[in-house]
Amino acid sequence: MICPNCSTIFADGKICPKCNMDAVLFKKTKRASLNLYNSGLAKAKDGNITGAIEDLKRCLMFDKTNNVARDLLGLCYFRVGEVSDALKHWIISASYDSEDKMAKGYIDVLNRNTRVLDKYNDAIRQYNRAMEYMSQGSTDLAIIQLKKALDYNPDFVKALCLYALCCIDEKNYAVAMDCIDKALEIDSGCSLALRYRSEITALPAFKKGRIREAEYEKEKKTDYPARAKSKKRYAPGGLDMLIFLSGAVVMAVILMTLIFPGWVESKDERIKGLSEQVKMLEAENENGTSVFAVKYAELEAENEKLKAENDRYKFEELNREAILVFKEADLLAEQGKYLEAGELIAALDYENLNDDMKAQFDISSGEIYPRAADEAADLAHNAFNIGNRADAKKYFEFSYMADADGDRADDCLYYLGRIAENEGDNTKAKDYYETLINAFPNSGFVGEVKNLVVGL
């Protein structure tokens, strides 16, 4: 076995005698870290920032030097408005790897925009004050501080959730739902926002589109049967009615001549202004200069950059593992365990190896595969003779893959065809037989196989 920490080769056990590293556990932790990073990246793309943060923090528990995961964790914190946590992780990444351009780039952007950074810090200070006021029971003062915090940083999810809680306490459910919707738009996995929304929707007052307290009060009043109208104490006389109608007519004339024309004119101007704004926004959207289009383009670029970084990380990890695999395969071959060595090499993803590793693959497989094919063919015959078709099929397939032009390749094709025929897969059996006939016309199996093909 090869120690992944110090590259020492050792034959017995899994603990490196030089550095005392558990080689098997080391590989498992690296894979676990990579799997958690991929999970966090997928959740971040779906907008579940809370879930992404949890996975990335666990990822760093397995491998604290995984700077790609740490950089993404910083971005997730930045997305929900926790800039100090984001900056902390980017600084750690830069300290682990002086070549980490992503972390340094994020830090430089914040350093160049000190006013923006000050606003984010002010938002956190206002949020902390609001927490103090809430603990003292001063909800109204907390709301004032939270409004200031959200003015400084509108994407501060914790502030949005606390604002929603204050509004729930004040029974201002409409504003609370607006805050919750905004928080979930930023982070669809925010547990606090989801909890507050479920509490509001569970209230008897909640109805779609009618959650404002004033509407609820009005609705509550009209839920009861209307009281019987009291009898009128007197009926207006004819003169009173005439005066009332005359006043109504005069008022209508005043409205038509003085107020309505100005009202219509103001509405026309408003419609004209809105139409111009719509045309301007449509033009900006078409040429890609609108705020949404620019932000979308930035997110797309960031997403592509993260994907490229992830692919590079997986590519480098694969090739680092390949080096260890080749060393371990050579060690197994020296011990005469050619089949184990061949299976180890065959498990590598050849297409994603770099040129040096592909060259090494060709050298190692050329030396190990022929002997591994012979060993696999012997095991396949033993399994076939005792009726163990599953193991026979596995070993015959490996033997043919490892040495398709070898002396025993026709033997493998014959028995693979027999096994496929026994499994009822005549199409596959015919493919094996025809390959044998075409590739090995002088084989002793050809006569029998031709008859078998006719029978199929």
Side-chain angles (χ1 to χ4, degrees), residues 47-54 57 73-90 110-111 113-221 291 295:
N48 183 0
I49 308 300
T50 297
I53 288 173
E54 290 175 357
K57 286 168 70 175
L73 179 58
L75 284 175
C76 290
Y77 276 124
F78 187 84
R79 182 69 184 94
V80 295
E82 298 177 38
V83 181
S84 57
D85 286 331
L87 194 57
K88 177 186 72 176
H89 284 287
W90 291 333
L110 288 176
N111 286 335
N113 296 275
T114 55
R115 181 59 193 135
V116 174
L117 187 58
D118 289 341
K119 284 186 175 181
Y120 291 147
N121 291 332
D122 289 341
I124 293 172
R125 279 193 288 270
Q126 300 294 344
Y127 171 78
N128 290 335
R129 288 177 187 169
M131 290 286 288
E132 292 177 5
Y133 286 134
M134 281 292 289
S135 65
Q136 298 167 6
S138 301
T139 306
D140 52 345
L141 295 176
I143 288 175
I144 293 172
Q145 298 301 319
L146 290 169
K147 286 181 178 179
K148 292 179 181 178
L150 292 171
D151 284 339
Y152 291 134
N153 187 358
D155 293 339
F156 196 176
V157 171
K158 283 186 177 180
L160 285 167
C161 291
L162 187 58
Y163 192 8
L165 180 61
C166 292
C167 292
I168 292 172
D169 187 57
E170 296 286 329
K171 294 184 170 51
N172 192 350
Y173 301 122
V175 177
M177 285 298 288
D178 288 340
C179 293
I180 291 167
D181 290 341
K182 174 64 175 175
L184 292 176
E185 182 182 341
I186 298 168
D187 178 10
S188 62
C190 179
S191 56
L192 279 176
L194 293 170
R195 177 185 167 187
Y196 295 157
R197 186 174 68 176
S198 65
E199 289 181 1
I200 292 175
T201 54
L203 293 172
F206 179 81
K207 287 186 178 181
K208 187 176 180 181
R210 301 182 66 189
I211 59 175
R212 292 178 176 82
E213 184 65 16
E215 291 178 354
Y216 175 52
E217 292 296 330
K218 181 180 177 182
E219 184 179 272
K220 190 165 64 173
K221 290 177 183 178
V291 175
K295 189 171 183 179

Open item on the list: Suppose we screen for side chain to side chain contact (heavy atoms under 4.5 Å, CB included). Which residues come up paired with Ser138, at least two apart in sequence or across chains?
Closed with: Tyr133, Gln136, Asp140, Leu141
TODO: Check whether any side-chain heavy atom of Trp90 lies under 4.5 Å from a side-chain heavy atom of Leu75, and answer yes or no.
DONE: yes
Task: Any residue meeting side-chain hydrogen bond (donor to acceptor under 3.5 Å, both in side chains) with Asp118, in chain and number order, not counting sequence neighbours - done: none
TODO: Kindly compute the distance separating NZ (Lys57) from SG (Cys76), expressed to the nearest 0.5 Å.
DONE: 11.5 Å
- [ ] List the atom of Ala193, the atom of Leu184, and the distance in Å for their closest heavy-atom pair.
- [x] CB-CD2, 3.7 Å
Open item on the list: Using 0.5 Å steps for rounding, measure from the SG atom of Cys190 to the CG atom of Asn48.
Closed with: 10.0 Å
Task: Over all atoms of both residues, closest heavy-atom pair of Leu192 and Cys161 - done: CB-SG, 4.0 Å
Open item on the list: Please enumerate all residues that pass salt bridge (Lys or Arg N to Asp or Glu O under 4.0 Å) together with Asp122, with sequence neighbours excluded.
Closed with: Arg125
TODO: Only counting residues at least two apart or in another chain, list the ones meeting ring pair (Phe, Tyr, Trp, His ring centres under 6.0 Å) with Tyr120.
DONE: Phe78
Task: Considering all heavy atoms, the nearest Tyr163-Lys147 contact - done: OH-CE, 2.9 Å
- [ ] May I have all residue pairs that pass salt bridge (charged side-chain N to carboxylate O under 4.0 Å, His left out) and include part of residues 185-198, sequence neighbours excluded?
- [x] Arg195-Glu199
Task: Heavy-atom pair of closest approach, residues Ala176 and Ile168 - done: CB-CG1, 3.8 Å
Using distance only, find each side-chain donor-acceptor pair of residues 80-89 under 3.5 Å and give its atom names and separation, not counting sequence neighbours.
from  : atom 1 : to    : atom 2 : distance (Å)
His89 : ND1    : Arg70 : NH1    : 3.2

Task: All ring pair (Phe, Tyr, Trp, His ring centres under 6.0 Å) counterparts of Tyr127, not counting sequence neighbours - done: Phe156
TODO: Would you mind reporting whether Ile180 and Ile200 have side-chain heavy atoms less than 4.5 Å apart?
DONE: yes
- [ ] Applying side-chain hydrogen bond (donor to acceptor under 3.5 Å, both in side chains), name anything that partners Ser191, two or more places apart in sequence or on another chain.
- [x] none
Task: Straight-line distance of Leu160 CG to Asn153 CG, nearest 0.5 Å - done: 9.0 Å
Open item on the list: Tell me every residue that passes side chain to side chain contact (heavy atoms under 4.5 Å, CB included) with Glu170, counting only those two or more places apart in sequence or in another chain.
Closed with: Thr139, Ile143
Task: For Leu165, side chain to side chain contact (heavy atoms under 4.5 Å, CB included) partners two or more places apart - done: Met134, Leu162, Tyr196
Task: side-chain hydrogen bond (donor to acceptor under 3.5 Å, both in side chains) partners for Asn128, two or more places apart - done: none
Task: salt bridge (Lys or Arg N to Asp or Glu O under 4.0 Å) against Lys182, all qualifying residues, sequence neighbours excluded - done: Asp155
Task: Between CD on residue Glu132 and CD on residue Gln145, distance to nearest 0.5 Å - done: 9.5 Å
